[in-house]
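Structure record follows, encoded as structure tokens.
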Amino acid sequence: MQTELTLFSVAVLTPLAGAVVAGLGGRFMGDTLAKVVTIACMAVAALCSVGALCSAWLGGFPHAAVPLAQWVHAGGFDATWTLRFDTLSVTMTAMVLVVSLLVHCYSIGYMSHESMPTYRFFSYLSLFTFAMLMLVSSNDLIQLFFGWEGVGLASYLLIGYWYDRPAATAAAIKAFVVNRVADLFFIVGIGLIYVLFHSVQYDTIFAAVPAVLNTPYTLCGVSFRMLEVICFLLFVGAMGKSAQLFLHTWLPDAMEGPTPVSALIHAATMVTAGVFLMARMSPLLEFAPGTRTFVILIGATTCFFAATVGMVQPDIKRTIAYSTCSQLGYMFAAVGVGAYQAAVFHLTTHAFFKALLFLAAGSVIHAMHDVQNMFRMGGLWKKLPVTYVVMWLGSLALAGVYPFAGYWSKDAILNALWASDASYSHYAWAMGSITAFLTAFYSWRLLFLVFHGKPHDEHARDHAHESPAVMTVPLLVLSIGAVVAGVALAPFYIGAHQSAFWNGAIVNAPANHIMEAFEHVPALIALLPSLAGLAGIALAFVLYVSAPHVPAALARSFGPIYRFLLNKWYFDELYDRIFVRPYAALARVLWKGADEGVVEGLPLDIVRATRDGALQAARLQSGSIAIYAFTMLAGLVVLLTVALCG
């Protein structure tokens with residue numbers, strides 16, 4: 001057991017050393033040192049995490065904690081810096097580190113054309129990874145919140161890495177602000193947990209849940225169950241990090257950052273944090289049915305919304321970004337019906353094929369000299385054969401085609417939605433099944449526009465070439481995960497061995513039998529998502545290969561609908577009118593009226609009054625004895641008059 005804990009601790013802490021050395025040493029010793037140190041540290045961490053996972057697998061995944069240091073000790077509150085070792089934390093750690101290592105390696109080739117030093121970029125990548133590891137290995141909510149805010153900070157730094165581009169800096173600020181809105185709810189939820197349980201440590205909280213099930217919470221004269229309020233607040237925090245509907249607007253704009261950043265955010269770090277939080281808090285969510293119904297509605301609607309927008313996007317990275325938003329909707333819908341294991345399973349398989357798709361898109365962008373518009377590409381499959389093949393594999397996994405990874409995890413979620421008797425679970429199943437069709441459609445739309453058809457720019461196509469080995473090798477490794485991760489992990493994550501595998505790291509209440517029920521859905525229901533995916537592929541072939549003139553005609557015929565989808569359901573415009581413009585107007589009033597008019601103006605008014613008074617007083621000093629005598633006489637008369645008449 002000691003070996004597993006040592007390996008786990010090294011895996012979690014080593015990326016921090018890489019980030020610090022790259023950030024400080026790279027400034028003085030150059031980019032080469034930063035690349036070598038960060039990749040070496042990430043390789044050591046990834047090997048240790050896989051070793052810890054294998055050892056724990058053989059040992060039956062025991063629960064343990066590794067105390068590192070005293071952190072917060074104030075009055076009766078105590079928070080020790082402790083690493084939690086259980087199935088959920090060790091599997092998440094291994095997934096994060098493996099994907100991050102491949103992204104680090106890929107970044108060497110992708111960032112090679114940068115004119116500015118890249119040591120800062122590699123330092124930020126390692127910092128991003130470390131923050132995510134702090135989140136998934138936390139043993140209490142304070143440490144989790146530290147990692148939660150850490151990934152928010154790192155995403156801000158990486159999305160705005162090209163700080164000389166206004167669009168990148170605006171996207172970084174937008175991501176930071178939207179997440180701060182959600183994090184306000186999250187931190188209030190943590191506060192209420194401490195009020196209710198008198199602790200923020202997981203084991204203490206989970207053990208005390210049965211004793212506080214009906215504890216009331218009164219707000220504005222209305223009484224709620226406090227556990228429902230807490231779970232709702234935690235979920236709103238997760239909505240921000242995982243870009244669910246209404247708090248999703250930062251995600252497509254985050255594509256302004258370098259492509260390796262997009263891969264890391266979407267596959268292994270920031271957006272997966274919300275799903276992890278829900279799985280970690282499963283002992284609370286199991287007893288909050290109202291919140292779980294809300295989770296189902298948000299997750300199901302998000303997956304449909306994002307898929308409809310992804311159908312019409314011209315940008316290759318934004319199309320893949322909306323697919324992430326859509327797939328996260330599936331995961332939250334699974335959380336809503338209590339199938340937390342299926343949600344984490346899809347999170348894991350999704351990490352491989354989504355990182356693969358983003359890095360393959362980066363390879364295309366690299367070959368096309370930073371062109372991202374798919375309508376300016378075409379005919380690239382002979383020029384980029386490796387990228388073409390791995391893009392096919394990633395798209396098959398995303399579409400849920402048998403036997404690729406997405407088939408096992410996404411179909412498990414849809415089957416769980418059908419089998420559940422929770423409110424709106426069948427609505428979620430319908431939205432998910434429609435989304436399966438749309439996902440396959442826009443995935444193959446991307447493939448056909450980029451790699452097939454007539455090239456938009458013959459000169460650019462002729463000069464395109466396959467990426468170097470430092471970029472293609474990570475693609476090939478990720479493609480293996482996209483192919484085999486589902487069939488290899490299914491028996492343990494959701495199959496016959498799932499109870500022993502999770503060993504209490506994820507909790508299902510005694511009345512929750514969804515992990516048994518989803519295996520007994522009718523054959524036609526189980527087959528329908530696969531048929532929908534194949535239909536989506538066929539439609540994409542017809543529209544973008546057989547009859548490429550039809551999509552433009554459809555866009556003209558259904559102009560309002562096309563513009564509605566192209567403008568992302570006008571969420572940005574709506575938020576601009578509701579929040580941004582009123583806030584800007586209020587800020588302008590406070591700036592001109594309060595700040596310049598009062599704060600800055602009042603001292604100036606006092607200065608002017610003093611100056612004018614001094615000038616008037618100076619005019620009285622004329623030097624004439626007669627005037628002075630007359631003034632004194634007048635004052636004496638006034639004084640005597642007041643005294644005599646007083």
Side-chain angles (χ1 to χ4, degrees), residues 4-5 7-16 45 48-49 52-53 56 61-73 77-97 100 127-155 179 182-183 186-187 189-194 197 199-207 230-231 233-235 237-238 240-242 268-285 340 344 347 502-507:
E4 293 98 308
L5 297 180
L7 290 172
F8 184 65
S9 303
V10 172
V12 171
L13 298 175
T14 302
L16 177 62
C48 289
S49 69
L53 177 61
F61 285 101
H63 287 203
V66 185
L68 298 180
Q70 184 72 37
W71 188 22
V72 180
H73 183 71
F77 179 79
D78 184 75
T80 303
W81 200 281
T82 304
L83 304 182
R84 184 180 182 88
F85 186 90
D86 63 8
T87 309
L88 186 57
S89 62
V90 74
T91 53
M92 287 291 296
T93 297
M95 181 272 288
V96 169
L97 282 169
S100 183
L127 178 64
F128 203 178
T129 306
F130 170 73
M132 188 65 187
L133 294 177
M134 285 291 98
L135 192 156
V136 300
S137 65
S138 61
N139 196 48
D140 61 54
L141 286 163
I142 301 300
Q143 186 179 332
L144 184 145
F145 192 72
F146 169 82
W148 191 271
E149 294 303 301
V151 294
L153 170 65
S155 67
N179 276 275
D183 291 352
F186 184 29
I187 198 168
I190 294 174
L192 287 180
I193 285 177
Y194 184 74
F197 295 98
S199 176
V200 293
Q201 203 268 338
Y202 295 147
D203 290 336
T204 304
I205 295 170
F206 299 158
I230 289 171
C231 290
L233 293 171
L234 296 182
F235 174 62
K241 274 290 181 289
S242 296
T269 54
M270 186 159 170
V271 298
T272 64
V275 180
F276 170 82
L277 174 65
M278 294 293 99
R280 179 61 82 195
M281 291 291 127
S282 58
L284 274 66
L285 282 168
Y340 312 100
V344 176
L347 183 154
W502 293 111
N503 193 24
I506 293 176
V507 174

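- Applying the side chain to side chain donor-acceptor pair (under 3.5 Å) criterion to Ser138, with sequence neighbours excluded, gives Tyr202.
- Between the side chain of Ser89 and the main chain of Ser137, no donor-acceptor pair closer than 3.5 Å is present.
- Across all their heavy atoms, Val66 and Ser9 have their closest contact at CG1-OG, 3.5 Å.
- Checked for salt-bridge contact, Asp140 and Arg84 miss the test: no charged N lies under 4.0 Å from a carboxylate O.
- Atom-to-atom distance recorded for Ile142:CD1 and Ile190:CD1 is 5.5 Å, nearest 0.5 angstrom.
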* To do: Please assess Asp78 against Gln70 for the test side-chain hydrogen bond (donor to acceptor under 3.5 Å, both in side chains), listing each intermediate value before the final yes or no.
  => CA-CA 8 Å; Asp78 184 75; Gln70 184 72 37; 2.5 Å; yes
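- Summarising the geometry of Pro62 relative to Ala56, their closest heavy-atom pair is CD-O, 4.3 Å, with the distance given to 0.1 Å.
- Side-chain contact between Phe8 and Leu53 is absent, with no heavy atoms from C-beta onward closer than 4.5 Å.
- Scanning all heavy atoms of the two residues, the minimum distance from Thr272 to Ala268 falls at OG1-O, 3.4 Å.
- At a threshold of 4.5 Å between non-hydrogen side-chain atoms, the residues Ser155 and Phe128 count as touching.
- Applying the ring-ring contact (aromatic ring centres under 6.0 Å, His included) test to Phe197 and every residue at least two apart in sequence or in another chain returns nothing.
- The shortest side-chain heavy-atom distance between Met270 and Asn179 falls under the 4.5 Å cut-off.
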* To do: Tell me, with the steps shown, if Leu83 and Leu5 meet side chain to side chain contact (heavy atoms under 4.5 Å, CB included).
  => CA-CA 9 Å; Leu83 304 182; Leu5 297 180; over 6 Å; no
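- Counting heavy atoms from C-beta outward, Gln143 and Leu135 have side chains that stay 4.5 Å or more apart.
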* To do: Please test Thr82 against Gln201 for side chain to side chain contact (heavy atoms under 4.5 Å, CB included), starting from the C-alpha separation and ending with a verdict.
  => CA-CA 10 Å; Thr82 304; Gln201 203 268 338; over 6 Å; no
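- Partners of Ala131 under the side chain to side chain contact (heavy atoms under 4.5 Å, CB included) rule, at least two apart in sequence or in another chain, are Val151.
- Nearest heavy atom pair, residue Val344 against residue Trp502, reads CG1-CH2, 3.7 Å.
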Expected list for residues 275-284: side-chain donor-acceptor pairs under 3.5 angstrom, two or more places apart:
from, atom 1, to, atom 2, distance (Å)
Arg280, NH1, Asp86, OD2, 2.8
Arg280, NH2, Asp86, OD1, 3.4
Ser282, OG, Ala279, O, 3.0
Ser282, OG, Val507, N, 3.1

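- With hydrogens and angles ignored, the 3.5 Å screen pairs no side-chain donor or acceptor of Ser199 with any backbone N or O of Thr204.
- His63 contributes no side-chain N or O that, together with a main-chain N or O of Thr87, makes up a donor-acceptor pair within less than 3.5 Å.
- Taking every heavy atom of both residues into account, Ala45 and Thr14 meet most closely at CB-CB, 4.1 Å.
- With contacts defined as side-chain heavy-atom distances shorter than 4.5 Å, the pair Pro15/Leu133 qualifies.
- Within a 6.0 Å sphere centred on CD1 of Ile187, heavy atoms belonging to other residues, nucleotides or ligands number 12 at most.
- Annotation: side chain of Leu16 is not in contact with side chain of Thr129 (no heavy-atom distance under 4.5 Å).
- For Phe186, the ring-ring contact (aromatic ring centres under 6.0 Å, His included) test picks out Phe145, Trp148, with sequence neighbours left out.
- Two residues are said to be in side-chain contact when any heavy atoms from C-beta on lie closer than 4.5 Å; Met92 and Leu347 meet this criterion.
- Tyr194 is not listed as a side-chain neighbour of Leu141, based on a closest heavy-atom distance of 4.5 Å or more.
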* So Phe146 and Trp71, side chain to side chain contact (heavy atoms under 4.5 Å, CB included) or not? Walk me through it. -> CA-CA 12 Å; Phe146 169 82; Trp71 188 22; 4.0 Å; yes
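- Leu153 pairs by the side chain to side chain contact (heavy atoms under 4.5 Å, CB included) definition with Leu157, not counting sequence neighbours.
- Scanning both residues, Thr93 and Ala11, for their nearest heavy atoms gives CG2-CB, 4.4 Å.
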